[in-house]
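Data first, discussion second: the structure below is written as structure tokens.
Since we're looking at a predicted model, the values are computed, not measured. Each chain gets a letter, A, B and so on, in the order the sequences are listed, and its residues count up from 1.
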Protein chains: 2
Amino acid sequence: MSRPLPDLSIRQLEYLVAVAGSPTWATAAAAVGVSPSALSQGLAELERRVGVPLFDRIGRRRVVRPGVETVLAHARQVVALTGDLAEWADRTRDGAIGRLRVGMIDAAVVGHFPEVLREFRSQHPHIDMHLAVAPSGSLLDGLTAGAIDMVVCVQPPSPVRGIDTVPLLVEDLAVYGPDERVDSPPTDWGPWVMFPEGSHTRSVIVDALRNLGSPIEIVAESHQPEVLRAVVGLGLGWTVLPVVQGRGSGPGLTRGRVIACRRLVVAKRHGAAVVPSVDLLERALRRDRA
Amino acid sequence: MSRPLPDLSIRQLEYLVAVAGSPTWATAAAAVGVSPSALSQGLAELERRVGVPLFDRIGRRRVVRPGVETVLAHARQVVALTGDLAEWADRTRDGAIGRLRVGMIDAAVVGHFPEVLREFRSQHPHIDMHLAVAPSGSLLDGLTAGAIDMVVCVQPPSPVRGIDTVPLLVEDLAVYGPDERVDSPPTDWGPWVMFPEGSHTRSVIVDALRNLGSPIEIVAESHQPEVLRAVVGLGLGWTVLPVVQGRGSGPGLTRGRVIACRRLVVAKRHGAAVVPSVDLLERALRRDRA
DNA sequence: TCTTACAGTTAAGAAAAACTGAACTAGTCT
DNA sequence: AGACTAGTTCAGTTTTTCTTAACTGTAAGA
């Protein structure tokens, strides 16, 4: 049943609406901002394409025939819908509305950017924003799968296919131990309580410790810094944490030297279109860093 | 508020709908019957005009972004509306539906074309038909005013500005008198009961009588032939009627010679578009005459 | 009746848009 | 690696649409 649709242009439908609402075609032409000739030709073309006579000549002017309200109604409706779409596009383009699926690691959410996120939320209430907090690896999985539009995570040890990363900030990783032994030489450190195997941060840490000559014995693992801190507090071992998550020292938790740093990046799908709302958030994050 | 609307073409919206419903753009291109290249360029243009990114690249294929359902919904709606319009146009074009405002003089309705009208009505039940029955003069007024699309009436004595007439049929006008005196010489005829001043038929009749040398004294007037016949039956005078309306002779009503003829014409506004439903009726009338 | 003004159309040419086929780029599959 | 394939870009052609200018037909004054 899909015979070729008449290829009416929005422009022509606009002409028709304008003509129906103007005393004379010349004024209608002025209203839509074209020459009377263009209007005349455009409407002739519209009439030809619809294949049904649309106008009557009355004296020296032409009027929309009674009996073609169907067409006129169609024109009005399409023009109105297009107007709505244009408005939607305008607002979407400057980020006033839109959909935003972000993934961030915990440190970014609670450590670095809580204020940025709060402010973004209040300044763009019409952006439909979802925030996924998870380890870098699963965030990047979500990104490739298309469930997330933008990720703030630890720079992957090796580039990931289909994902572009841009540096965002560098943060220090410090040793945390149960007491002042944290100031002893690295060879005396440990055992360790650490992020699980596969964690980007863990690979950074393990590399650094190896370089320092520290023995690497791991007695507990968790993705949650709070858990790691607590375990250290129980005296079961040492850990290495981003300083934003170490919160200085405390009872049973003493901060030692900075032994490495990890790079947080903004990751997006390779070739992903620039979406205003996403772009807006990324700018906000970078602005905060500066 | 009337910033220029984006000039989206129906065609481009069709592309979008096709792409959303096809596994691959190539198949979508085939579905709408254009080359993949055309589809690609068309959609790129659409995206440019809307001003908002519409697609994501996933692997080597492109998919409609989540978040632009707004645009997709708009496209679907407009395409559907256009389909409806196309269907309406098809049916209107071959006269299956439409609006039809006809004016006819009484003789045409009850004398010449009752069968044609009845059949037309039953064969085209979806044509919204209105029939106005009135004297020729007021029908033509209605025609110029645009209230009527087509008129069957007596040919006006002189051409009417803005109205085109095409002959339809010629009918005889006969003298009717109270008794066999109708066969006497014209100089003995009368007095007359006649259509009112201004009637086209009356001017035809008066001309004919004058040529025959009959005295023209008018004692009663009516637009209604039944009334004229009745008045003649009462013995108040003579009349001249189209033979279809004299219905032969009767008590107190004797038919005499044919003294003139009047031309019925089909009248339309000058420059009026050919509307299928109107055209259809006119053809039916002419077919009946042949 | 002649002139003038006006509403809309037609004509000619320029500019923009859309299409096709061919060459090309970049993921995917084997 | 090599063949394949989805989609894009390019070049050239056709189609559409616009502008200006000349033209037709109607209305309105003088």
Side chain to side chain donor-acceptor pair (under 3.5 Å) partner of D56(B), the single match among R65(B), R62(B), R61(B)
R65(B)
Hey, are the side chains of M104(A) and L131(A) touching, using non-hydrogen atoms and a 4.5 Å cut-off?
yes
What integer distance in Å separates [X]:[atom1] from [N]:[atom2]?
{"X": "D7(B)", "N": "dC18(D)", "atom1": "CG", "atom2": "P", "result": "8 Å"}
{"X": "R48(A)", "N": "dT15(D)", "atom1": "CZ", "atom2": "P", "result": "12 Å"}
{"X": "D164(A)", "N": "dA26(C)", "atom1": "CG", "atom2": "P", "result": "13 Å"}
{"X": "L8(B)", "N": "dT16(D)", "atom1": "CG", "atom2": "P", "result": "19 Å"}
{"X": "Q12(B)", "N": "dA16(C)", "atom1": "CD", "atom2": "C1'", "result": "13 Å"}
{"X": "E14(B)", "N": "dA18(C)", "atom1": "CD", "atom2": "C1'", "result": "14 Å"}
{"X": "E45(B)", "N": "dA16(C)", "atom1": "CD", "atom2": "P", "result": "13 Å"}
{"X": "R269(B)", "N": "dT26(D)", "atom1": "CZ", "atom2": "C1'", "result": "17 Å"}

Examine dT16(D): is either OP1 or OP2 under 4.0 Å from a nitrogen or oxygen in the side chain of R11(A)? Give yes or no.
no
Does the side chain of S35(A) get closer than 4.0 angstrom to OP1 or OP2 of dC18(D) through an N or O atom?
no
For the OG1 atom of T201(B) and the CZ atom of R263(B), what is their distance to the nearest 0.5 Å?
13.0 Å
Whether R49(A) side chain and D7(A) backbone form a donor-acceptor pair below 3.5 Å:
yes
Between the main-chain N or O of V78(B) and the side-chain N or O of T82(B), is there a donor-acceptor pair closer than 3.5 Å?
yes
Contact pattern, 5' to 3', of nucleotides 5-13 of chain D - B, S or - by protein heavy atom under 4.0 Å
BSSSBB---
Looking only at heavy atoms, the pair that brings R269(B) and I148(B) closest together is NH1-O, 2.8 Å
Mind checking whether W25(A) and Y15(A) have ring centres under 6.0 Å apart?
no
Have a look at R49(A) and say if it touches a base, only the backbone sugar-phosphate, or nothing, with a 4.0 Å heavy-atom cut-off.
sugar-phosphate
Looking for any heavy atom pair under 4.0 Å, which part of the strands does Y15(A) touch: base, sugar-phosphate only, or nothing?
sugar-phosphate
